[in-house]
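Okay, so here's the structure we're looking at.
This is a predicted model, so every value here is computed, not measured. Each chain gets a letter, A, B and so on, in the order the sequences are listed, and its residues count up from 1.
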Amino acid sequence: PAAASASNGRVLASPLAKKLAADKGIDISKVAGSGDGGRIIKRDIDNYTPAAGGGQAAAA
Amino acid sequence: MAYDVVVLGSGPGGYVAAIRASQLGFKTAIIEKEALGGICLNWGCIPTKALLKSAQVFEYIKHSKDYGIEATGTADFSAVIKRSRGVADKMSKGVQFLMKKNKIDVIMGFGKLKAKGQIEVKGTDGKSQIVEAKNIILATGGRSRELPSLKIDGKKIIGYREAMVLPQQPKSMIVVGSGAIGVEFGYFYATLGTKVTIVEFMDRIVPVEDEEISKELAKNFKKNGIEIMTSSEVTSVDTSGNGVKAKVKTKDGEVILEADVVLSAVGVAANIEGIGLEELGVKTEKGKIAVDKYYKTNVPGIYAIGDCVPGQALAHVASKEGIICVENIAYGEKKYNHQPEALDYGNVPGCTYCTPEVASVGMTEKQAKDAGYEIKVGKFPLSAAGKATAAGHNEGFIKVIFDAKYGEWLGTHMIGYNVTEMIAETVVARKLETTYHEVLDSIHPHPTMSENIKEAIEVAYGEAIHI
Amino acid sequence: MAYDVVVLGSGPGGYVAAIRASQLGFKTAIIEKEALGGICLNWGCIPTKALLKSAQVFEYIKHSKDYGIEATGTADFSAVIKRSRGVADKMSKGVQFLMKKNKIDVIMGFGKLKAKGQIEVKGTDGKSQIVEAKNIILATGGRSRELPSLKIDGKKIIGYREAMVLPQQPKSMIVVGSGAIGVEFGYFYATLGTKVTIVEFMDRIVPVEDEEISKELAKNFKKNGIEIMTSSEVTSVDTSGNGVKAKVKTKDGEVILEADVVLSAVGVAANIEGIGLEELGVKTEKGKIAVDKYYKTNVPGIYAIGDCVPGQALAHVASKEGIICVENIAYGEKKYNHQPEALDYGNVPGCTYCTPEVASVGMTEKQAKDAGYEIKVGKFPLSAAGKATAAGHNEGFIKVIFDAKYGEWLGTHMIGYNVTEMIAETVVARKLETTYHEVLDSIHPHPTMSENIKEAIEVAYGEAIHI
Ligand SMILES: Cc1cc2nc3c(=O)[nH]c(=O)nc-3n(C[C@H](O)[C@H](O)[C@H](O)COP(=O)(O)OP(=O)(O)OC[C@H]3O[C@@H](n4cnc5c(N)ncnc54)[C@H](O)[C@@H]3O)c2cc1C
Ligand SMILES: Cc1cc2nc3c(=O)[nH]c(=O)nc-3n(C[C@H](O)[C@H](O)[C@H](O)COP(=O)(O)OP(=O)(O)OC[C@H]3O[C@@H](n4cnc5c(N)ncnc54)[C@H](O)[C@@H]3O)c2cc1C
């Protein structure tokens, strides 16, 4: 599934997911959302594994 | 004529499932052996709340002077009971109306699984019929659990049903068990003037709640003349005399309690007997029907929801399970385009409607610590709240628990005036995965009890204004 | 000795700003000419809620038979007033304690801007002092707006202050204006037995609310004996006789109303006079101090918050403005690392605490339509709610408004028992930008009034179970 960014470039993510992503150095725009309407939620960050070459996790 | 969906049992699990099924285009029937609405509407949630309201009105009269009102009054026990029955009847009739409106066939009688897709219903007239259904949802609910030492005789050792319709108010009562049902009845009878003693096996009352809640409730109950014996167990009851003599094993030895009546409120047992589970090979586990997250049993076409399956034995849980179960059946049959999300049992609110009220959701402080979280805890005493002072209800507090690392809202535990109406905020905010920031940026109206949730969060983060 | 922050006025805007300033490490003082806590604690939110609670207790006594209780009682007007003053005093003392605890200097007297960074304070003893401050926050609040035809004389034509401490209960009262203050006093006096007539200029009472709310409140008020005249205007009042004779212009011509007293409740005027605004060139607009989204005036170092600036004249708005203002000053001075978010005035809840209560947030149906939204509206009557029935409060409804396209929650409008405690859920959910789905997936406890918010959403989406 595509990343949950709306056509205006805004990322649909829960506040908690945003915080987790920022803390773990995950580029949230690369995460697929499984919440309502494709919203990125905590479990999407928890289950996220960066695809080879893409969305590399920065050292915290 | 075969139905798409037949529901066995018309409690808040069953009747809600039936309505949702009908809405989604299923030809639906519901089978009920007793009264539409199940325990909840007839012998549970609703009639008890009517009784509690009478008690609260009576309390206002007793304390009217505090509000500048000169009043005297007495509670007419039989009128209080009668009102409660009237409220229950009205709600049960409401379910009847809803069944009709949604074109759901109501079949009165005792239902039993007969074969795959078949339920046999034995009517009160003794006649049997076979009801055919593609999908069968078991929603048979529960009943009072009985302890061997505390067999319910319906006269001197009673369960919740009898406690709701006693012919006269007992002068004294022993309540065994201090879950929601036990403390609600304890509060009700004590407020009306019965001498109440609560006996609890665990070391505190309302033992599923956060420890500080138990302590605060006990403090308030004791102030109102309710006796509380924790870490205590009724080992036998002698009913031979005028009232009862209960032998209670306490930490300090054995005590004999005398009272007019004993109320057993030690939990719920699922109704899984005699409904054909064994015959059809439907699996049970620890006395409940085993289901997956969409409430499928191991037998295709047979589902189960509500108090007869694991999970909190609460009406709102039963209803939501019913909706999820039916929507998922519809999703599977392409009648509904949205697969429902599985229920998050960690985000189910629990409420107790005595005074002070108790409401909570999520982890207790201990659970959060045991789960390895580093936490921020904020507790705001309602004695500092303007609305509580204006209302004359300064007892209690609001306690919130956040994950220190990410600001996740782990739990809310409230005790006080009107808190049962305030817990939905936490549930929704948790569902939306808030952090503490967004809640603090949401303006709570002044003066309310609910604004104190925000205050409690400020306490957790060292930004408290009003304390 | 110069302060970092000096706040002029100690209402819920000012005292909260002062506490937050002190928390953030600012040396802070607060100037107050009258009583700590401002209108809200002394003459507004808190004492009125105490009066209303007495009225509600009295109502329970009047209707005690409905609950199975036999009671009689009378309201002791002076005791009711005395209780209200006691509650206000307690809360005002609480602010005193908070000032001390937060090491905020309290300077009693009338403050006036003298020069940049200087306020002159004239004490009650007539002596003046100059207080120096890097940042000055004006939080002077408001007072009753006066109509030329309705000059407050404090005896027969009164404002909210007098209405709270009348020496005796009037037999009859004309309330001019039907905003929150007008209907709260109208309800209070009518419940205690005063013959109340509400005169409203607009075509409905509580005109800022959704139209259906106005209608339902009017219906309930009329049932309780309150007379309501809408599209009507008091053009003059003759106070020469025993009581008052008010000339009222109605759609059907002129009417003369007689009563003991007239309460003017036609809005708030900001306190912007005599505080040095003109001298320092601080801009005002339509009678209020002009500010940006961080409450800066056009003069550097001078800020303004609360009822003296635009925005809803509500305590929770004043407090939040104070916090945002101070946090932003701290952010600018690098004492706080988080720039506060500007207040979303479209997500501010409003509550009215009469019976039935009114609570709302977001757009009314008309506003949503006018803004061009295609909407889904759901309305759930509380007559169908189990908790409402158990509580004996079946009046009112819950109305929710969603954007049909994206499911955005545009507004909630509630009237009924305890709804003021239930509005925070909508505020937080809107803040978190929910769609209807997440709310329906959040379990609301049964039986509560709050679960009916979920029911109303189901109505909007054609999934209603209980109606
Ligand atoms: C005193 C008391 C107070 C409570 N208060 C609350 C509260 O405030 N809030 C809350 O959330 N929960 C409360 N509960 C719990 C709540 O009542 C239950 O969780 C809820 O009723 C469970 O719903 P259900 O649909 O699973 O089953 P039930 O409500 O138990 O309904 C099951 C129905 O199935 C029928 N049935 C069973 N077997 C058959 C059969 N073989 N054939 C035909 N019909 C059958 C029964 O007659 C019954 O009508 C309370 C319970 C009690 C006892
Ligand atoms: C009857 C009534 C009921 C209300 N009920 C509610 C309610 O339920 N909920 C709600 O949200 N709002 C309610 N309000 C509105 C609420 O009271 C105001 O919105 C709130 O008080 C505004 O706070 P503030 O800090 O801006 O000003 P205020 O509370 O008005 O405080 C201003 C303070 O500044 C002082 N002051 C003014 N000028 C000077 C000066 N030059 N020098 C020194 N001191 C000065 C005043 O003495 C006063 O103490 C009610 C109002 C009234 C009248």
Under 4.5 Å from any heavy atom of chain B, what part of C:Glu463 do you find: side chain, backbone, both or neither?
both
Quick one: pull up OH in C:Tyr417 and CG in B:Asn418 and give me the separation to the nearest 0.5 Å.
6.0 Å
Among B:Thr74, B:Thr48, B:Leu440, which residue has the highest count of heavy-atom pairs closer than 4.5 Å to chain C?
B:Thr74
Indicate yes or no for a side-chain donor-acceptor contact from B:Lys90 to the backbone of C:Gly386 under 3.5 Å, with no hydrogens or angles considered.
no
Residue C:Leu24 versus chain B: region with a heavy atom under 4.5 Å
neither
Which region of C:Ser383, side chain (C-beta onward) or backbone (N, CA, C, O), has a non-hydrogen atom less than 4.5 Å from a non-hydrogen atom of chain B, or is it both or neither?
backbone
Gap between atom CD1 of B:Ile61 and atom CD of C:Glu70 - 0.5 Å precision
10.0 Å
B:Asp441 with C:Lys320: basic N within carboxylate O range, under 4.0 Å
yes
Within a 6.0 Å radius of atom CD on C:Gln339, are there more than 12 heavy atoms belonging to other residues, nucleotides or ligands?
yes
With only heavy atoms counted, which part of C:Ala55 is less than 4.5 Å from chain B, the side chain, the backbone, both or neither?
neither
Counting only heavy atoms closer than 4.5 Å, note whether B:Ala385 contacts chain C via side chain, backbone, both or neither.
backbone
Side chain from CB out, backbone as N, CA, C, O: work out which of these in C:Asn394 comes under 4.5 Å of a heavy atom of chain B, or both, or neither.
side chain
So what's closer than 4.5 Å to chain B heavy atoms on C:Glu438: side chain, backbone, both or neither?
both
Is chain B contacted by the side chain of C:Asp66, its backbone, both, or neither, given a heavy-atom distance below 4.5 Å?
backbone
Any chance you could lay out the side-chain contact (heavy atoms from CB on, under 4.5 Å) test for B:Thr420 and C:Lys387, step after step, and finish with the verdict?
CA-CA 11 Å; B:Thr420 55; C:Lys387 182 63 183 292; 4.3 Å; yes
Side chain to side chain contact (heavy atoms under 4.5 Å, CB included) partner of B:Ile443, chosen from C:Leu314, C:Val428, C:Val348
C:Val348
Nearest 0.5 Å, what's the SG-NE2 distance between B:Cys351 and C:His446?
11.0 Å
Taking atom types as modelled, find out whether B:Tyr60 and C:Lys53 have a side-chain donor-acceptor pair closer than 3.5 angstrom.
yes
C:Ser450 side chain to B:Ala424 backbone, donor-acceptor under 3.5 Å
no
Between B:His466 and C:Tyr15 (judged by ring centroids, cut-off 6.0 Å), do the two rings come close enough to count as a pair?
yes
Side chain, backbone, both or neither: which part of C:Ile423 has a heavy atom under 4.5 Å from chain B?
side chain
Distance, nearest 0.5 Å, that separates NZ of B:Lys431 from CG of C:Leu432:
13.0 Å
What one should report as the nearest heavy-atom pair of C:Val80 and B:Gly68 is CG2-O, 3.6 Å
